[in-house]
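Working notes, structure below.
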Amino acid sequence: MFYAGPLILGFLLGFILGSRIKFNLSSGLNFTTGSYIIIFIAAVIAAYLIGPFPYYLDAPLASGFISALIGIFIGKIVLGRDIKENKENNKENF
C-alpha cells in the first residue's frame with residue numbers, strides 16, 4: 001500500500017531547509033555537481049539501511065528520508081540564496 005504522508009512531510013521539511021541554505025564565501029566550501037551526486041548516493045544507502053517506517057510496505061527504504069533530501073535540493077535551487085546576493089550583502093556591510 002502507498003502512503004503519501006511521509007513523502008509529503010519529508011519533502012516540505014526538506015524544501016524549507018533547502019531554502020535556508022546559503023553560501024558563505026569566507027568558508028571556502030564549494031559544492032560541485034559531483035559532490036551533490038555523492039551526497040545523494042550516500043543518502044540512498046542510508047535510507048536503505050534505515051528501512052521503511054513501521055508497517056509500511058511501499059518500498060524497502062525510508063521514503064520520507066529520500067523525499068526530504070530531494071526537497072532540500074529543490075528548495076536550494078528554487079528559493080536558495082545565491083552567491084551574487086551574498087557578495088552584494090558583504091559589500092554593503094563594509
Value rounded to 0.5 Å, distance of CG in Leu13 from CG in Leu17: 7.0 Å
Phe73 atom CZ: more than 12 heavy-atom contacts under 6.0 Å: yes
Cluster link Ile16 to Leu69, ILVMFWY, side chain under 4.5 Å: no
Interatomic distance, Ile66 atom CD1 to Leu7 atom CG [nearest 0.5 angstrom]: 10.5 Å
Cluster link Val78 to Phe11, ILVMFWY, side chain under 4.5 Å: yes
Among Ile70, Leu79, Ile72, the one residue meeting side-chain contact (heavy atoms from CB on, under 4.5 Å) with Phe15: Leu79
Shortest non-hydrogen separation from Pro6 to Ser67 and the atoms involved: O-OG, 3.6 Å
Minimum-distance pair of heavy atoms, taken over all atoms of Ala43 and Phe65: O-CE2, 3.4 Å
